[in-house]
Amino acid sequence: MQGTHTRWSGWKAWLNAIAVIGVIALLVAACTSGSGSAVGADIIEARGLTDADVEAALKTFTPSGTHDEYLLFSSGGHGGQLSIVGVPSMRLLKTVGVFTPEPWQGWGFGDLKTEEVLAEGDVNGIEVRWADTHHPALSETDGDYDGEFVFINDKANARIAVIDLRDFETKQILKNPIAINDHGGTMVTPDTEWVIEGGQYATPLAGEWAPIEDYEASFRGMVTFWKFDRASGRVLADESFAMELPPYWQDICDAGKLASDGWVFCNSFNTEMATGGVEDGNLPFEGGVSARDNDYLHIINLEKAAQLAAAGRTTEMNGFAVMTLETSIEEGLLYFVPEPKSPHGVDMAPKGDFIVVSGKLDPHTTVYSFEKIQEAIADENWTLDGYGVPILDFDAVLEAQVELGLGPLHTQFDDRGYAYTSLFLDSAVARWTLGGDYDAPEDPWTLVTKTPVQYNIGHLVTAEGDTVSPDGRYLVSLNKWAIDRFANVGPLLPQNFQLLDISEEGETMPVIYDMPVTFGEPHYAQIIKADKIDAWETYPCPGNPCELGFDPATMAVDPDSPVLGNERIERNGNEVEIWMTAIRSHFTPEHVELRQGDHVTWHITNVETSYDATHGFALPGYNINLSLEPGETATFEVELVNAGVYPYYCTEFCSALHLEMMGYLSIEPTG
Ligand code: CUK
Ligand code: CUA
């Protein structure tokens, strides 16, 4: 089935290419024949477009009403959100509120269910309402995206979030109980049993304090495995565990698949254990951390670790199950392999056979064989590091090194045996061939071509490019700098997503679109076939006659939901409860007459069942702003500290009489 699908995609790419060439031929013919009436010829001339420009336009233009074939799920960077972009049109479709309040979605402005999720991310009683998101991870079944959930990490505060793709809303935020910050997250195992969150800058674990002079003894790295329960759509913290690691800076992780299913791979840096302090005459971090020629790829036997964790071979830190470094060494759960020159990025090839790591300061990318790693472990072909972790022999596990260019970082794959690596210093995307069983069109392990990108590429992503069956077709280069690409909008520039057409074999791999990115620095993104997403059009209305008032937090009808015809205000002393409905174009009730000092619990249901009939609810002066999607119920609580007359109103232009969709909250002064 998958094979047929891939071949058909290949054919479609061909047909598209033929269609594009056909249109260009027509345009050119029209031009040269001097027929002034040919569609486009005037425009091409007036705008000074080249053939390549016209081809790029034809490949990306998506006529009104037609939909993109792929969706890109992008990290929102230090905006703390997740954004969804159509591919190939590169139209921004949605930014989902995750760690940061988001007014359009009423995310974090009174709506209790949203406030509760955001509060799950509080850190030791401190409200943290932003995040530095790096790596989104779409849920997988058998190593392929299934379109059900997406996870994302917060590097700054060691948190992860769960977003349900039925309604594209964040359902859960988890603060890692033992870590201050993270980076190697989120990644998922092939059936999404585990969500991986690797650490970054080592600290004493569980929020403990130790002097920096005690770094080697008291600071530690970590990787956390969060158990995901698909049925409830939640991570189960009680069944999750972490592994204590040496105080190297774990960087990015990837899960094994197929041949390597059950294993996890994280690269690291600062195995020097540099502690900085340039102001005291010490080597600065940038020098100290990159002093050695090698750091260590961490190779973790997750399957065995999970069995031991379930059997209680963990200790508790801050109420969380942690497998000590001692246990991991004793049980053979952790191995290292040297990785050259400031490594960044670790990417598992589609068949689960090769692990690709790039050293930022090495022009080569290094490919390890999972099979050889297993042999080296079986043969005990290792030396020990300072903490007693076996370091496998580099030459014994090396499959290939491919010279690509300057500053290689991250790698993705396609369906033809090509790998694509970002070159930060070269500002380029390199296409090269995998060896082994991949049957690439050119010789194995060779650089095929490089396409310049603008500028300073970090991650790159191909369509389904980190799954067991990548699609190829499109590649998005996530560039850190835009410089001259867009009109000057002041000293803070957008970043630049560039779309590359990778459907042709060999050396042709053009940039066909530039998209300015204005939501923080996205690091990673994933591209999924759009038809895998089966999102709701409106919130469900179960039963017959059906019951409206769905609560996205419980994914069920709220038993307290207001019902048409039974809207009311009930008072019990200073406690007031309101059941309100919203429908085009009125709220019921329209007069809410209360007293200063009242404490109000206010429910509103949007009783619409039409696609896109969203209402908003804004209450001035009290920081209340809700988004009520069709069929949804929301509840907020408010303490009426200030008297006055407050017009509440709908914020979505929902009908011709939208402006009239309002009411008065009258708060009578007391004393
Ligand atoms: S990282 Cu930013 S370019 Cu967080 Cu995956 Cu490499
Ligand atoms: Cu409802 Cu405007």
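Whatever order the structure lists ligands and atoms in, that order sets their numbers, starting from 1.
Annotation: cation-pi geometry not satisfied between Lys113 and Phe636 (NZ/CZ under 6.0 angstrom from ring centroid, within 45° of ring axis).
In summary, of the residues considered (Asp251, Asp295, Asn267), a side chain to side chain donor-acceptor pair (under 3.5 Å) with His344 occurs for Asp251 alone. Each of Phe109, Phe587, Tyr649 was checked for a ring pair (Phe, Tyr, Trp, His ring centres under 6.0 Å) with Phe617, and the lone residue meeting it is Phe587.
Around atom 2 (Cu) of ligand 2, the protein atoms of type N, O or S found under 2.8 Å away are Cys650 SG, Glu652 O, Cys654 SG, His658 ND1, listed by chain and number.
In summary, Arg159 and Asp154 engage in a salt bridge, as defined by a charged side-chain N under 4.0 Å from a carboxylate O.
Within 4.0 Å of ligand 1, heavy atoms belong to protein residues His134, His135, His183, Ile252, His344, His410, Gly458, His459, Lys480, His523.
One finds the OH atom of Tyr524 at 11.5 Å from the OG atom of Ser75 (value rounded to the nearest 0.5 Å). One distance of note links CZ of Phe486 with OG1 of Thr518; it measures 10.5 Å at 0.5 Å rounding.
Here the closest non-hydrogen pair linking Thr170 and Val98 is OG1-CA, 3.4 Å.
More than 12 heavy-atom neighbours from other residues, nucleotides or ligands sit within 6.0 angstrom of CD on Glu272.
Tyr201 and Trp249 have perpendicular rings, their planes meeting at more than 60° on a 0 to 90° scale where under 30° would count as parallel.
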